[in-house]
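Take a look at the structure below.
Since we're looking at a predicted model, the values are computed, not measured.
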Amino acid sequence: MDAGRVNLLGLQPRDLTAQVEQWGGKPFRAKQLLRWVHQRGVGEFSAMSDLAKDFRQQLDARCDIAAPCVVTEQRSSDGTRKWLFDVGNNNAVETVFIPEDDRGTLCISSQAGCTVACPFCSTGYQGFNRNLSTAEIIGQLWHVRRVLDADRGTARLGEGAAEIDPTRVVSNVVMMGMGEPLLNYDQVVGALRLMLDDNAYGLSRRRVTVSTSGVVPMMDRLSQDCPVALAVSLHAPNDALRDRLVPLNKKYPLAELLDACNRYLEFAPRDFVTFEYVMLDGVNDTDDNARELIRVARQVKCKLNLIPFNPFPQSGLKRSSAARVKAFAQRLMDAGVIVTVRKTRGDDIDAACGQLAGDVKDRTRLKERRVRQGDIAIPIVEMRA
């Protein structure tokens with residue numbers, strides 16, 4: 001996109017209104033434009049038939065509707081779809097659509113790479129490249145909805161919605177793709193507000209989820225600025241193990257994180273936090289781990305989502321056996337904890353949890369750092385070039 005041109009995908013409604021007024025247009029034109037771009041997914045100003053011709057000419061001269069370019073699209077045997085988006089300077093992000101019986105869930109990325117560097121997540125081995133803009137974040141949703149609409153050959157959700165198969169539209173959005181959303185706070189909140197806006201995507205706060213590794217100050221800000229459903233990447237029931245599995249824990253330890261979860265629930269659209277817990281063979285799946293996790297779950301109103309680990313060569317980690325996951329879950333349920341076991345989706349196209357952008361160099365030098373720090377309890381194998 002040329003410098004000086006405005007990408008409408010990233011503009012908040014108030015900013016779009018101010019821009020339209022600056023061009024001499026009336027405020028209601030901004031609402032029309034917002035609906036054309038986001039609700040209807042139209043990418044050409046010439047197709048916006050109820051806008052005045054001279055206004056459309058102004059838009060053509062000054063604006064773009066520019067989502068990141070698609071590099072590849074893959075389809076899994078289970079219906080999951082994954083897009084690789086080019087975000088410039090040899091950086092790319094991935095977006096995954098998961099059709100389910102009663103919904104269609106889109107997993108969106110917020111950063112190119114990630115700074116948190118959890119050893120069980122392949123994105124962490126990519127290192128951190130940069131934050132995505134609001135336009136790049138919302139552009140993933142904009143593009144996927146256009147693709148699904150074209151596949152259905154029907155009107156967009158909201159126009160005859162009762163006749164549309166819910167698994168063929170984006171009904172839920174989870175910020176669980178590449179990156180730590182709360183370390184790109186301003187741009188992510190801008191995207192969330194567009195997702196929730198009735199003239200844009202009109203999603204319910206209960207159907208939009210931000211997943212965080214536990215950036216406590218930003219959790220508090222989000223509860224005030226734009227409270228949506230919250231998922232926390234827990235993955236360990238004590239500080240010593242969580243320091244290794246989720247390095248951010250060294251800055252915001254478990255007690256601070258649980259307090260932040262309880263504060264968030266005062267404003268959240270749901271009355272529980274989802275704790276995500278990846279099941280790693282011999283690392284965090286013992287009976288003692290389960291007993292500790294029960295104590296954690298009693299401190300916050302929560303649901304536990306146990307996630308079978310999706311192996312990738314760089315990690316050196318193994319998935320807990322199905323029998324171990326079942327026994328672990330049963331121990332939690334016997335103690336009254338609400339537990340689900342996530343079904344692995346899209347692993348044949350590396351679209352499952354923890355697999356995004358996995359075939360990358362070790363830009364974070366994780367193995368070297370762990371050996372230097374004496375933290376070798378979790379095995380790390382040599383990186384592939």
Side-chain angles (χ1 to χ4, degrees), residues 7-17 30-31 33-43 65-68 81 83 85 87 93-100 103-111 131-149 156-159 161 164 166-212 218-219 221-231 264 267-270 274:
N7 187 356
L8 298 185
L9 280 184
L11 285 188
Q12 296 299 302
R14 65 179 182 277
D15 297 326
L16 184 57
T17 299
K31 185 178 291 186
L33 189 53
L34 195 69
R35 289 172 175 170
W36 276 111
V37 172
H38 296 290
Q39 279 191 0
R40 301 182 185 181
V42 173
I65 303 168
R81 298 169 71 169
W83 291 265
F85 289 99
V87 293
V93 298
E94 292 179 331
T95 305
V96 178
F97 178 69
I98 307 165
E100 302 174 79
R103 72 191 71 181
T105 301
L106 187 67
C107 181
I108 288 179
S109 294
S110 58
Q111 296 178 315
N131 288 325
L132 299 187
S133 68
T134 293
E136 290 169 328
I137 297 169
I138 208 70
Q140 298 167 64
L141 173 58
W142 183 82
H143 174 82
V144 172
R145 279 180 46 138
R146 280 164 54 93
V147 169
L148 296 178
D149 277 353
R156 180 166 289 293
L157 183 62
E159 302 171 15
I164 296 176
T167 69
R168 302 262 60 89
V169 298
V170 178
S171 61
N172 295 59
V173 171
V174 292
M175 299 295 303
M176 295 182 184
M178 296 169 62
E180 163 55 63
L182 296 188
L183 292 179
N184 185 16
Y185 185 82
D186 290 339
Q187 302 302 316
V188 165
V189 167
L192 294 176
R193 286 175 171 156
L194 282 169
M195 293 177 198
L196 301 174
D197 192 282
D198 287 340
N199 291 308
Y201 298 92
L203 293 170
S204 162
R205 291 181 186 273
R206 295 171 58 86
R207 290 180 174 267
V208 176
T209 301
V210 167
S211 176
T212 179
M218 297 299 101
M219 290 169 63
R221 281 188 62 185
L222 187 66
S223 72
Q224 302 302 306
D225 294 342
C226 191
V228 293
L230 183 69
Y264 193 91
F267 305 94
R270 290 184 171 178
T274 299

*So do Q187 and S110 actually touch side chain to side chain, heavy atoms under 4.5 Å?*
no

*Between L203 and V170, which heavy-atom pair has the shortest distance, and what is it?*
CD2-O, 4.0 Å

*Under 3.5 Å, is there a donor-acceptor pair between the side chain of N7 and the main chain of A66?*
yes

*Side-chain contact, heavy-atom cut-off 4.5 Å: V147 with W83?*
yes

*Is there a donor-acceptor pair closer than 3.5 Å between any side-chain N or O of Y185 and the backbone N or O of R221?*
yes

_Side-chain touch V169/L148, heavy atoms, less than 4.5 angstrom_ = no

*In Å and rounded to the nearest 0.5 Å, what is the CG to OG1 distance from L11 to T134?*
9.5 Å

*Checking R270 side chain against A229 main chain: does a donor-acceptor pair fall under 3.5 Å?*
no

*Looking only at heavy atoms, what is the nearest atom pair of D225 and R193, with distance?*
O-NH2, 3.3 Å

*Approximate separation, where rounding is to 0.5 Å, of L194 CG and H38 NE2*: 5.0 Å

*Is there a side-chain contact between L222 and L192 (heavy atoms, below 4.5 Å)?*
yes

*CZ-CG distance between F267 and L230, expressed to the nearest 0.5 angstrom*: 13.5 Å

*Could you tell me whether a side-chain N or O of R206 sits under 3.5 Å from a main-chain N or O of P269, the two making a donor and an acceptor?*
yes

*Considering non-hydrogen atoms only, spot the tightest contact between P13 and L34 and give its length.*
CG-CD2, 3.9 Å

_If we ignore hydrogens and angles and just use 3.5 Å, is the side chain of S211 paired with the main-chain N or O of M175 as donor and acceptor?_
no

*asked:* Within the structure provided, determine whether V37 and L9 are in side-chain contact (heavy-atom separation under 4.5 Å).
replied: yes

_Please check this pair: side chain of E94 against backbone of G177, looking for a donor-acceptor N/O pair closer than 3.5 Å._
no

*Given side chains that start at C-beta, do those of T212 and M218 come closer than 4.5 Å, heavy atoms only?*
no

_Return the CG to CD distance between D197 and Q12, rounded to the nearest 0.5 Å._
8.0 Å

_Over all atoms of both residues, closest heavy-atom pair of A135 and P68_ = O-CD, 4.5 Å

*Taking all heavy atoms of C226 and all of V189, pick out the closest pair and write down the distance.*
CB-CG1, 4.2 Å

*From F85 CZ over to L132 CG, what is the distance, rounded to the nearest 0.5 angstrom?*
11.0 Å

*Any idea which heavy atoms bring Q140 and T95 closest together, and the distance?*
OE1-OG1, 2.5 Å

*What distance do M195 atom CE and I108 atom CD1 have between them, rounded to the nearest 0.5 Å?*
4.0 Å

*Report yes if the side chains of I137 and N184 come closer than 4.5 Å at any heavy-atom pair, otherwise no.*
yes

*Is a side-chain donor or acceptor of S223 paired with a backbone partner of Y264 at a separation under 3.5 angstrom?*
no

*Quick one: does N172's side chain get under 4.5 Å of T209's, heavy atoms only?*
no

